[in-house]
Amino acid sequence: MPEAYAVQAELERLLGWEVAGWFCACTNPVIQSMLGLSEPYYARLFAPFIYESEAELDADDFPPMVLECEFGFRLKQDLPPRAKPYTRVEVETAVASVHPTLEVVAGHLRNWPEQDVFSVIADNGTDGALVYGPGVEAWQSIDLARVEVALSVNGQRVRTGTGQNVMGDPMDALVWLANARARDGNGLKSGHLHNTGTATDIIWVERGDEAVVTFTELGAAALRVV
């Protein structure tokens, strides 16, 4: 794992793109077991590829294109590196808003779905882009684990899930991310958007498809592949 993260960091240096958030993936314990991991992994969200809903994305920029439905957390204060782990209450206090998002997965290695997990991590977790909806600032009364998530493509519902599919609760995934970045790097930054892994199964999309994900109590995010 450290070697894969080191390649990620070198990729950031070479590209020179601004980091505008982090995401964690492999937040499902069953998938972790299948891949031989003891915890999720994290990677960068680059500013040039974070879009407001309703975005139009060029299929040629993200081949092949896979969608995931994720909870996004915008922070209002930093969670910097420190030796003592952050508590759930501390992380909750740092959250300004919670957003519905569509993560566009796009690997840059040949036959990337067949690569080992450490190559995937080195490839910045195969992150392509992120599309986010307006979100909710008064999120504290929402039970994120019970939020229902539904993805429609071209008007047909194709995937469903709940927040419980993300480590039992998306907030628990954000706590993990905050502590992993406090341990390994420069923490999490105020104003950045941080994602916590998919609440539904992935789905492949192609040119001409229109996708809309709806999160109960949180709203929707949409994109069109052109």
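Quick note: numbers below take in every heavy atom, side chains included, and nothing from hydrogens, waters or symmetry partners.
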Quick check: do [X] and [Y] have side-chain heavy atoms less than 4.5 Å from each other?
X      : Y      : value
Glu68  : Thr200 : no
Phe215 : Glu148 : no
Arg74  : Val95  : no

Q: Check the surroundings of atom CD in Gln164: do more than 12 heavy atoms from other residues, nucleotides or ligands lie under 6.0 Å from it?
A: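 No, CD of Gln164 has 12 or fewer neighbouring heavy atoms, counting only those of other groups under 6.0 Å.
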Identify whether the distance between the nearest side-chain nitrogen and carboxylate oxygen of [X] and [Y] falls below 4.0 Å.
X      : Y      : result
Arg207 : Glu56  : no
Glu12  : Arg44  : yes
Arg88  : Asp172 : yes

(Q) Checking side chain to side chain contact (heavy atoms under 4.5 Å, CB included) between Met65 and each of Asp60, Val104, Val105, which is the one that passes? (A)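 Running side chain to side chain contact (heavy atoms under 4.5 Å, CB included) over Asp60, Val104, Val105 with Met65 returns exactly one hit, Val104.
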Q: Evaluate the side chain to side chain donor-acceptor pair (under 3.5 Å) criterion for residues Thr101 and Asn195: first the C-alpha distance (whole Å), next the side-chain angles of each, then the deciding distance (0.1 Å), finally the verdict.
A: CA-CA 8 Å; Thr101 79; Asn195 273 44; 2.8 Å; yes
Q | Tyr51 ring center near Tyr132 ring center (under 6.0 Å) | A |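 Centroid distance Tyr51-Tyr132: not below 6.0 Å, so no.
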Q) Phe118 and Tyr41: aromatic ring centres closer than 6.0 Å? A)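 Centroid distance Phe118-Tyr41: not below 6.0 Å, so no.
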Q: Check the angle between the aromatic planes of Phe62 and Phe49 and answer parallel, tilted or perpendicular using the 30° and 60° thresholds.
A: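 Because their plane-to-plane angle is over 60°, the rings of Phe62 and Phe49 count as perpendicular.
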